[in-house]
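Notes for the one structure printed next.
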Amino acid sequence: MTDAHTAGTPSHDGPFIAAIDQGTTSSRCIVFDRDGRIVSVDQKEHEQIFPKPGWVEHNATEIWNNVEEVVAGAISKAGITRDDIKAIGITNQRETTLLWDRTTGEPVHNAIVWQDTRTDGLCKELGRNVGQDRFRRETGLPLASYFAGPKARWLLDNVEGLRERAETGDILFGTMDSWVIWNLTGGVNGGKHVTDVTNASRTMLMNLHTMKWDERIADSIGVPMRMLPEIRSSAEVYGEVSGGKLGDLLGGIPVASALGDQQAALFGQTCFEEGEAKSTYGTGTFMLMNTGEKAINSYSGLLTTVGYQIGDQKPVYALEGSIAVTGSLVQWMRDQMGLINSAAEIETLASSVEDNGGAYFVPAFSGLFAPYWRSDARGVIAGLTRYVTKAHIARAVLEATAWQTREITDAMTKDSGVELAALKVDGGMTSNNLLMQTLSDFLDAPVVRPMVAETTCLGAAYAAGLAVGFWSSTDDLRANWRRAAEWTPRMDAATRDREYKSWLKAVERSMGWLEDDES
Amino acid sequence: MARNIQSLERAAAMLRLLAGGERRLGLSDIASSLGLAKGTAHGILRTLQQEGFVEQDAASGRYQLGAELLRLGNSYLDVHELRARALVWTDDLARSSGESVYLGVLHQQGVLIVHHVFRPDDSRQVLEVGAMQPLHSTALGKVLAAYDPVAHSEVMEGERQSFTAHTVTEAESFEGVLDLTRARGYAADTEETWEGIASVAAPIHDRRRMPVGAVGITGAVERVSPEGELRSELIAAVRDCARAVSRDLGASRF
């Protein structure tokens, strides 16, 4: 895609910012110009390693080699040199956990990926008599297998001799941001062992209110403090590129931002005001709402997390809600049901009817997530009659994504007291016009798509650019934001209320499917 | 009633036979089911095989339906697929041109807008997805009429209404406009549909070089065509975008 991006469009004037996105399936580097436009892209996938059912690992050495390659690739495709690049920013798959040897730079084990469920039992155990919410007040998170702290504990327990080496200070812990920054800034030769507040907020080891490692929790989980990186803001110069392949190419360039991927998207969507929210529609969906300088405790099953922190300014918090099954439901209709040939065809099929014909699809394939958290739920299609066709089901599939978003925004409003003014959307499903209109109808709020789809990389670039003065303020960044499309509500209130009621009834019918001992 | 072509009728009967019940049939089964001499049946089967509509199993010598039939059935391009493929390129076109971008396909006697990207300024704009535009006066419509034979017959047989003093309505002059469009690879509309508005569009082709749609920019005539001359960098940007989307469609569809 890079060729045509650079060809034909007016030539981009330097200087530029490069952003690395170390993601779950691939690593990418995108070079942006001052207007936030894409100059070049390079991308490389890495292997997904599945040693056992429920286990997912990445080879961190492969990932670092890929990062080196895509950075060099993007710079070369852009036809620019070290002098044209003002800073490098980083965004990354969140929670994926790595331990490595500080003297050799070698990982001691594959990285344990966020989706990996091997710490399920450990998390139950760590809950003791209190349960899932034992550390929620301090960390904003429930004890669940996604988060990094328990993954580190698993490695210390299961890799022979590791605990002893960790106690003597030979072992470093990090999420992927830390691994990439440490290697970029010199690795064994003085690499900076740091992480940012957003990534640290996903470890279950950081106190959200002080932005420091919580010694008591680290001790309870069983992670030695001395292996933890220094917690820094999301936008400041952590160090300079030094050594290795990239040292020759980009030595001396400041490494100046780190943000977890969803937080980076919030930043890239320029959600800088309290109450502004973004939702990223992919396989699953992640919605984050800026709650300003307040960390809001959720009583509705949302996560409290750090949105970002710029330099020595106060940190900005966010509420996060995720939907497990959105794009993957469309894929299920394509691959398992064979009702459509391509994901885009769901819109064609759904558009062939006026409404859902009375059918509601609750895709609780692995239970209900926020705001219900019911692992005993399973998927249902409710309201079936002889009248219902596959087109009505297709419509119910799209409506399921929209209703689940509505439930998360309702929970956010309940927790924060802030009404959603407009929803900024990104991700692959935003090309589905019917879904976007339905979303606006169900939320009764405008839905807005920005002109640059790569909001995650853009967020990392923005934060790095702010840190080195490439952009002067968040107002500067807002001026770059362009509306590509906007959908406004067309549904009358009575219809919306009636439909929502039916959806909630269908959700109720999905609960309690598994017996106690099965879930 | 016009006489039907017997061998085509027989070929159609064979395809139906292979599509139903048992999927692989030998030559004698086919011949006897249809009441044909073996030689006749074999001649037709061999022709169908050359066209890819029938395949012969190497081991048993039996016949089955060919892959080409499946391709025929799935060959239409879903407009939502087209939009998904075009998304990044049309965003970039709006950014680089500073104008709004439209993607259109032929629908009945007009252009159906299937994708619209706002002009990148802060003004209030309304999404026009689902709107119809005329074939004979807009840049999108002229591109479709120039490259797609179905669109061409629609526009030549339909009424060509005069919207402004610049609209070309007379058949021979309009054919001239289409010739020029094919020669240049793009079409323009300078106040031929709306006063004060100009647009430029180029064709999108799929992997078989079939015209599947048109993409273009639309804006104030003063910006798009200052002093009566289309800005060459806008033409280049529109054509680049059309080529990029076409290239994306040429790749595997999933």
Side-chain angles (χ1 to χ4, degrees), chain A residues 1-12 33 35-39 41 330-331 334-335 340-351 398 426-437 440 446-454 478-488 490, chain B residues 70 73-98 100-101 103 113-130 231-248 251-254:
Chain A
M1 66 193 279
T2 4
D3 305 346
H5 258 298
T6 42
T9 54
S11 65
H12 298 266
D33 69 7
D35 296 333
R37 285 185 62 200
I38 294 171
V39 178
V41 187
V330 175
Q331 289 164 3
R334 181 191 67 195
D335 301 336
I340 45 175
N341 285 311
S342 71
E345 262 184 55
I346 191 88
E347 187 175 353
T348 314
L349 186 55
S351 302
L398 296 181
D426 49 61
M429 284 180 100
T430 56
S431 75
N432 190 315
N433 201 61
L434 179 61
L435 173 63
M436 293 300 110
Q437 183 59 51
S440 174
V447 168
V448 188
R449 182 175 77 80
M451 214 157 258
V452 172
E454 306 291 351
R478 269 185 192 282
N480 270 344
W481 192 90
R482 296 278 184 280
R483 187 186 288 115
E486 175 167 348
W487 294 266
T488 48
R490 288 187 200 151
Chain B
L70 293 175
N74 291 327
S75 66
Y76 79 98
L77 178 72
D78 188 286
V79 296
H80 300 112
E81 182 81 32
L82 179 60
R83 183 198 301 135
R85 299 277 177 169
L87 205 68
V88 269
W89 308 113
T90 47
D91 274 9
D92 201 59
L93 177 58
R95 272 259 173 169
S96 66
S97 67
S100 52
V101 174
L103 186 67
I113 301 301
V114 297
H115 183 49
H116 171 200
V117 184
F118 289 171
R119 188 172 61 249
D121 55 29
D122 281 336
S123 64
R124 249 332 190 227
Q125 295 164 69
V126 176
L127 204 59
E128 289 171 49
V129 172
R231 278 167 54 205
S232 60
E233 67 269 26
L234 290 181
I235 298 169
V238 167
R239 297 188 69 193
D240 275 335
C241 176
R243 270 193 292 266
V245 178
S246 301
R247 213 169 31 234
D248 245 6
S252 73
R253 292 194 37 210
F254 301 110

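So you know, we letter chains A, B, ... as the sequences are listed, proteins then strands, and number each from 1. Since the structure is predicted, the reported quantities are computational estimates derived from the model, not experimental observations.
Looking at every heavy atom in both residues, A/Ser342 comes nearest to B/Glu81 through OG-OE1, 2.7 Å. Considering every non-hydrogen atom in both B/Val117 and A/Met451, the closest pair reads CG1-CE, 3.6 Å. Pairing each heavy atom of B/Asp91 with each of A/Ala484, the nearest pair is OD1-CB, 3.9 Å. Taking each heavy atom of B/Asp78 and A/Ala344 in turn, the nearest pair found is OD1-O, 4.1 Å. For the residue pair B/His80 and A/Ser351, the shortest heavy atom distance occurs at CE1-OG, 4.5 Å.
Residue contact with chain A, scored on non-hydrogen atoms closer than 4.5 Å, involves the backbone of B/His116 exclusively. Contact of A/Asp35 with chain B is made through backbone and side chain together, with heavy-atom distances under 4.5 Å.
Proximity of a side-chain donor or acceptor of A/Arg482 to a complementary backbone N or O of B/Ala94 within less than 3.5 Å is not detected.
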ask   = side-chain contact (heavy atoms from CB on, under 4.5 Å) between A/Glu486 and B/Arg124: does it pass, once the steps are laid out?
value = CA-CA 9 Å; A/Glu486 175 167 348; B/Arg124 249 332 190 227; 3.4 Å; yes
request  = For the pair A/Asn433 and B/His115, evaluate side-chain contact (heavy atoms from CB on, under 4.5 Å) and give the outcome as yes or no after the intermediate values.
outcome  = CA-CA 9 Å; A/Asn433 201 61; B/His115 183 49; over 6 Å; no
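Annotation: side-chain hydrogen bond (donor to acceptor under 3.5 Å, both in side chains) contacts of B/Arg239 (sequence neighbours excluded): none.
Atom CE of A/Met436 is separated from atom CG of B/Leu127 by 11.5 Å, given to the nearest 0.5 angstrom.
Side-chain atoms of A/Arg449 and B/Leu87, non-hydrogen and from C-beta on, do get closer than 4.5 Å to each other.
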